[in-house]
Structures are given as C-alpha cells and as structure tokens.
Amino acid sequence: AATARPAPSPAGGRGGAGTDRLSGVLSRMRHEIAAGSPDGDAAGDAADAAEGDRYLALVVRQLRQSYRLPATISDRERLYLQGTVVLHVDPDGRILRHEFEKRSGNPAFDDALERALDEARLPPPPAALRDLYLRTGLEVVFKI
C-alpha cells in the first residue's frame with residue numbers, strides 16, 4: 001500500500017506552498033477512496049471496474065468469508081501465500097468444479113481453500129458473462 005508523505009519544503013520549514021500541495025493530494029486521495037463501490041474488494045485499488053471485475057470482487061469476498069485459516073500457518077507465511085484457481089460457475093452461482101492453476105506450496109492453505117470453495121455460496125454471474133464462466137471459467141487469485 002502506498003503512503004502519502006509530504007515533500008520537504010525548499011527552505012526546510014513548515015507551511016507555505018508545500019502544505020497547500022499536500023492538502024490537495026490528500027483531498028484527491030480521500031475522494032478516490034470514497035468513490036469505491038460498497039460491493040468491491042476492500043483490498044482493491046481500481047477507481048472504475050468492469051462488470052466482470054465487480055463480480056470477481058464479490059467472489060473473493062465470499063471465499064474469504066468461507067475460508068478458515070489453519071492455525072499451523074504463521075503470520076509471516078500468510079503474507080506470501082496465494083493460490084490461483086479457475087472456477088466453473090453455473091448461472092445460479094454454484095461452483096460446479098474448480099482446478100488449481102497454481103497451488104500455494106502450503107498443503108494446509110490449499111486444503112482450506114478447497115473447503116472454502118465447497119462451502120461458498122456465490123451470487124449469480126452477470127448475464128453477459130454466464131456462458132464464459134460456465135465453459136471457460138473464472139480465474140481467482142486467492143490470498144489471505
């Protein structure tokens with residue numbers, strides 16, 4: 001995550017044009033944060049999203065709600081673990097099948113992700129994408 005830091009003022013003091021510039025940047029950042037969709041992914045950083053992107057955010061949210069983190073995974077390990085799965089979703093939102101495109105390298109993480117996939121109840125996909133998600137699948141990169 002990026003952090004805004006004030007640029008040092010030429011004279012090394014406080015106030016002046018540097019403060020005005022920082023205020024403007026912070027104001028724009030607040031506006032961009034407020035512009036996010038309540039249905040979006042809290043970890044997302046896009047200001048605008050296509051219909052498929054919004055659906056993907058809903059899918060990730062549902063998977064996170066179903067995911068039960070194994071106690072054997074350390075805090076440090078959690079930062080780096082991710083798995084990529086392709087979900088074949090029917091028009092009602094049921095996951096018909098899934099395939100790991102890339103496993104995390106941690107069997108406990110991957111097993112917990114598979115259990116979350118079995119338990120998750122997804123919303124129906126957008127009408128324009130239903131056939132694609134059924135036949136080709138929806139790729140999801142899952143991380144904690």
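Residue numbers count from 1 along this sequence.
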_Testing the basics here: between A120 and S66, what is the closest heavy-atom pair and its distance to 0.1 Å?_
CA-OG, 3.4 Å

*side-chain contact (heavy atoms from CB on, under 4.5 Å) involving D110 - partner list, sequence neighbours excluded*: F100, R103, S104

*asked:* Same cluster or not: V59 versus L129, using hydrophobic residues (I, L, V, M, F, W, Y) connected whenever any side-chain heavy atoms lie under 4.5 Å apart?
replied: yes

*Linking Ile, Leu, Val, Met, Phe, Trp and Tyr through side-chain heavy atoms less than 4.5 Å apart, which residues share a cluster with L79?*
Y80

*Looking at side-chain heavy atoms only, is the closest gap between V60 and V140 below 4.5 Å?*
yes

*asked:* Does any part of the side chain of H98, heavy atoms only, come nearer than 4.5 Å to the side chain of E114, both counted from C-beta?
replied: yes

*Are any non-hydrogen side-chain atoms of Y55 and L122 less than 4.5 angstrom apart?*
yes

_Closer than 3.5 angstrom, by distance alone: can the side chain of R130 be matched with the main-chain N or O of P125 as a donor-acceptor pair?_
yes

_With heavy-atom distances below 4.5 Å as the criterion, would you say the side chains of T84 and E139 are in contact?_
yes

_Gap between atom CG of L81 and atom CZ of F142 - 0.5 Å precision_ = 10.5 Å

*If two hydrophobic side chains count as joined below 4.5 Å and joins carry through other members, does V85 share a cluster with L134?*
no

*asked:* List the residues meeting side-chain contact (heavy atoms from CB on, under 4.5 Å) with I144, not counting sequence neighbours, and say none if there are none.
replied: Y67, L69, R78, F109

*asked:* To the nearest 0.5 Å, what is the distance between CG on L138 and CG on L132?
replied: 8.5 Å

*Atom of P91, atom of P124 and distance for their closest heavy-atom approach*: O-CB, 3.3 Å

*Which pair of non-hydrogen atoms, one from T136 and one from H88, has the smallest distance, and what is that distance?*
O-CE1, 3.3 Å

*asked:* Tell me whether D92 contacts the main-chain N or O of R94 through its side chain, where contact means a donor paired with an acceptor under 3.5 Å.
replied: no

_Would you say that L113 contacts D111 through its side chain, given a criterion of any heavy-atom pair below 4.5 Å between the two side chains?_
no

*Hey, could you give me the CZ/CD distance between R68 and E119, rounded to the nearest 0.5 Å?*
6.5 Å

*Rounded to the nearest 0.5 Å, how far apart are CG of L117 and CD1 of I95?*
5.0 Å

*For R121 and Q62, which heavy atoms make the closest approach, and how far apart are they?*
O-NE2, 3.1 Å

